[in-house]
Q: 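Sharing a structure with you now.
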Amino acid sequence: MCGIAGIMRTGGEPVPPGHIEAMVATLRHRGPDGDGIYFAPGVGFGHTRLAIIDLSSASDQPFVDDFAGLSLIFNGEIYNYVELRQELKELGHTFRSTGDTEVILRAYEQWGADCLQRLNGMFAFALWDNRRRQLFLARDRFGEKPLYIARSPRGAVFASEMKAILAVRPDLRVPNGTVVFRYLSRGDLDLDHQTFFEGIESLPAAHYLVLDADGRGEPRRYWHATSASVPRTRRGAIERYRELLFDSVRIRLRSDVPVGSSLSGGLDSSSIVSTIHAQKGAQAVHQKTFSARFHSQAHDEGRFIETVAHHVDADGHAVWVEPEGFANEFATLQWHQEEPMASASPFAQWSVMRLAHENATTVLLDGQGADESLAGYDQSHGMFWAHWLRHGRVDKVGREVVAFLRRYHGGLAEPGLFAAYYLLPGRFRDNLAELYYRSGDVVAHDLHRQFAPAHVDTYEPFPDRLRNELVRWQTTTQLPEFLRYADRNSMAFSREVRLPFLDHRLVEYTFGLPPDLLLNQAVTKVTLRESMRGIVPDAIINRKDKLAYAPPQKQWIHGVLRDWVSNHLRSAESRSAFFNPRSVLRLREHLDTGGSETLAWRVASTEAWFCQLIDSRGPGAQRMKAEVSGLDW
């Protein structure tokens, strides 16, 4: 895990060394174990290293092979590097290191862009091909590792984080009206390649980009979501899923530094921790687990955390997450996140990463990524009801409704609303979300008129709508936001997060499962639950609630964080180009008398982003200021 940064100038124009050094300086938290720079006519690379595999200087970056004419900077991990290395050796390649960095370079040398199909991992890398005079940029299938780019007629600037780009392109510190509108009106974050900064984009997940010497080139998709074949019997299907999950965990334990796990007490993280324990003999791992606790009985998962930790004989560590800590550390958290946060939940993960740092554990396996492909969110019930209604299966919907009432003892309003939502076409959903939260009023009239509805078309690789809805969660509306939180929170403390549920083999297999092995009789994530029986304690397998590091945000907003929210709402009233002052005033005045906490947080978090990252006001904002400028872009 590292930080990468680079500049490409058209026509071979030299890159001033000071610019690369300024970019690298903003990324040192991502790689405290070393740094390096590389220059060739028209290109400059910078790298900060967090040493995980092959701790020797042989794997330092930029990794340069003058004979092959290739130079590489890489952020991430290639989990199947051992197998790829052996395959490449058999094809005649020699290696001077034992890590995964050189495997990428040799794989590109052997297969070109097709090498991406062979990589099992999380990655963002830049490779300069000196013979072809072209820059090759690539990002992993699900976007676990970030890669941002700003292009202009004179070249391109790219980096792991936007702050590195702003260090040399301060002119890009301009808000993107489309993205601001999406968040204020619908709560959407990280929907596509656009960012909150006008002119800075992310390279989409599962894409690569080749830029020629004149800076020409467009992103190309190299991986398409597909469904793998599944055994016909229920037992066979479940056993095969367990085999794939076990292997995903196995290769994600490859490391030359200490490895631990995040443990929330939910099914997903408990499955990872228990799977590691089940492989203990082969891996020789004594686990450390890291968890967040809350002083709210409705939100704290302590008893589940302790059940799992005892079951696997783990060295458990926990941190109590407090609203005072959020208020005190928000400026630093925002600086690392770079874009607004839809809740206080990222602070819980932030606290867990700091805890891992304090306990000298560099790598953490985490359960993120299961809910999107396995239909684990609460809204899955409505999604599946809509699916069966579209297929005329009113009988199936009836059975699911009855099962839902028996299992959850709650009303049908929420799942019914989501069923209606998932029956609608995408563009109508945008309007429904705005009406539901009554959020359109807080948006400035001109902004609303200019950008509404700012709909994002979804990648739809499957012929059936249900699987495409799950793909939408994975590529658009859910997972990308959570992956940003995870990357920035972990790298702020120089930690690495690995996600076994995002092994592409496992995801492709999950997309091949029939609906009843995802949700049946109101039970979500059926295949995962059944595959983990006898491995994960029954108390976890049979859980009905889902919390996922959710702090008692409503309680916080009306308590310790009331002034924080109220002050940012007051500040937003004067930013009339983006907010409707009268509506924000009403929101602030009714905060304690039945106003919407969700909408209040959305406005306050947006204004907090404006203050720190656009206005450069408040604690920590000074670090966002450009260190150099002067190049003509």
Side-chain angles (χ1 to χ4, degrees), residues 1-9 15-40 42-66 68-78 81 96-108 119 121-130 135-140 144-150 155-168 203 209 211 256-257 336 362 487-488 490-492 494-496 627-628:
M1 194 75 79
C2 306
I4 66 173
I7 298 174
M8 178 184 178
R9 302 286 284 174
V15 175
H19 286 68
I20 297 297
E21 291 169 353
M23 296 178 76
V24 167
T26 69
L27 300 174
R28 294 202 187 281
H29 53 282
R30 298 186 70 95
D33 297 329
D35 58 61
I37 57 177
Y38 165 83
F39 293 96
V43 68
F45 281 177
H47 184 267
T48 63
R49 185 182 184 193
L50 177 61
I52 303 289
I53 294 174
D54 185 6
L55 309 185
S56 75
S57 60
S59 285
D60 283 351
Q61 300 181 46
F63 195 96
V64 180
D65 185 332
D66 290 326
L70 301 174
S71 303
L72 172 70
I73 47 176
F74 157 53
N75 169 35
E77 299 293 347
I78 307 303
Y81 77 98
R96 67 176 194 247
S97 68
T98 60
D100 55 345
T101 299
E102 188 174 6
V103 169
I104 294 177
L105 188 142
R106 301 298 168 211
Y108 176 86
L119 303 181
M122 55 178 182
F123 55 85
F125 67 81
L127 191 148
W128 175 247
D129 190 327
N130 203 42
L135 177 66
F136 184 86
L137 303 172
R139 194 172 176 209
D140 66 70
E144 293 181 65
K145 292 296 99 190
L147 185 55
Y148 296 98
I149 185 168
V157 186
F158 62 89
S160 298
E161 298 182 12
M162 291 181 282
K163 59 180 67 69
I165 295 175
L166 293 171
V168 295
L203 181 65
L209 171 64
L211 295 179
D256 294 330
V257 296
H336 282 282
T362 308
D487 174 80
R488 302 306 192 284
S490 60
M491 295 312 299
S494 307
R495 304 299 95 179
E496 176 175 284
E627 298 186 40
V628 296

Q: Show the nearest heavy-atom pair for residues G36 and P62, with the distance to one decimal.
A: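 Closest pair (atom of G36, atom of P62, distance): C-CD, 3.5 Å.
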
Q: Working to the nearest 0.5 Å, report the span between CZ of F125 and CD1 of I73.
A: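 Output value for this atom pair is 11.0 Å.
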
Q: List in chain and number order the residues that pass side-chain contact (heavy atoms from CB on, under 4.5 Å) with M122, two or more places apart in sequence or in another chain; answer none if no residue qualifies.
A: M1, E77, Y79, D140, E144, K145, E496, R498

Q: Side-chain contact test, heavy atoms from C-beta onward, threshold under 4.5 Å: evaluate it for L137 versus L135 and give yes or no.
A: yes

Q: When R49 is tested against each of D35, D33, D54, D60 for salt bridge (charged side-chain N to carboxylate O under 4.0 Å, His left out), which residue passes?
A: D60

Q: Quick one, L166 and Y148 - any side-chain contact, counting heavy atoms below 4.5 Å?
A: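 Answer no - side chains too far apart.
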
Q: Please report the C-alpha distance between F74 and L105 in whole Å, then the side-chain angles of each, then the deciding distance to 0.1 Å, and finally whether the side chain to side chain contact (heavy atoms under 4.5 Å, CB included) criterion is met.
A: CA-CA 10 Å; F74 157 53; L105 188 142; over 6 Å; no

Q: Working to the nearest 0.5 Å, report the span between CG of L209 and CD1 of I149.
A: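 The CD1 atom of I149 is 5.5 Å from CG of L209, to the nearest 0.5 Å.
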
Q: Between V157, I37, T48, which is the residue that forms a side chain to side chain contact (heavy atoms under 4.5 Å, CB included) with M23?
A: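 Among V157, I37, T48, the one that satisfies the side chain to side chain contact (heavy atoms under 4.5 Å, CB included) with M23 is V157.
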
Q: Parallel under 30°, tilted from 30 to 60°, perpendicular over 60°: which one fits the rings of F45 and Y38?
A: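 Ring orientation of F45 relative to Y38: tilted.
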
Q: Looking at every non-hydrogen atom in both residues, tell me the closest pair between G76 and D100 and how far apart they are.
A: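 Of all heavy-atom pairs spanning G76 and D100, the closest is O-OD2, 4.2 Å.
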
Q: Please give me the minimum heavy-atom distance between C2 and R30, naming the atom from each residue.
A: O-NE, 3.0 Å

Q: Please examine the side chains of M8 and W128, heavy atoms only from C-beta on, and report whether any two atoms are closer than 4.5 Å.
A: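 Of all side-chain heavy-atom pairs linking M8 with W128, at least one is under 4.5 Å.
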
Q: Give, for atom OG of S59 and atom CD1 of I52, the distance between the pair rounded to the nearest 0.5 Å.
A: 12.0 Å

Q: Could you tell me which non-hydrogen atom of S494 sits nearest to which non-hydrogen atom of H29, and how far apart they are?
A: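 S494 and H29 have their closest heavy atoms at OG-O, 2.7 Å.
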
Q: Are any non-hydrogen side-chain atoms of L147 and I4 less than 4.5 angstrom apart?
A: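 When only atoms from C-beta onward are counted, I4 and L147 do touch, with a gap below 4.5 Å.
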
Q: Mind checking whether F158 and L211 have side chains closer than 4.5 Å, heavy atoms only?
A: no

Q: Looking at residues at least two apart in the chain, or sitting in another chain, which of them share a side chain to side chain donor-acceptor pair (under 3.5 Å) with D129?
A: Y108, R132

Q: Quick one: pull up CD1 in I7 and CZ in F39 and give me the separation to the nearest 0.5 Å.
A: 8.0 Å

Q: For E102 and D65: C-alpha separation, side-chain torsions, deciding distance, then whether side chain to side chain contact (heavy atoms under 4.5 Å, CB included) applies.
A: CA-CA 10 Å; E102 188 174 6; D65 185 332; 5.9 Å; no

Q: Return the minimal non-hydrogen interatomic distance between L27 and G3, and the atom names on each side.
A: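 Scanning both residues, the minimum pair turns out to be CD1-C, 4.2 Å.
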
Q: If you take all heavy atoms of A40 and N130, which pair is closest and at what distance?
A: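 Looking at all heavy atoms of both residues, the shortest contact is CB-OD1, 4.4 Å.
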
Q: Would T362 and R495 satisfy side chain to side chain contact (heavy atoms under 4.5 Å, CB included), going step by step from the backbone distance to the final call?
A: CA-CA 5 Å; T362 308; R495 304 299 95 179; 3.8 Å; yes

Q: Using a 4.5 Å cut-off on heavy atoms from C-beta on, say whether the side chain of H336 contacts that of M491.
A: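 Counting from C-beta outward, M491 and H336 never come under 4.5 Å.
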
Q: Check whether any side-chain heavy atom of P146 lies under 4.5 Å from a side-chain heavy atom of R488, and answer yes or no.
A: yes

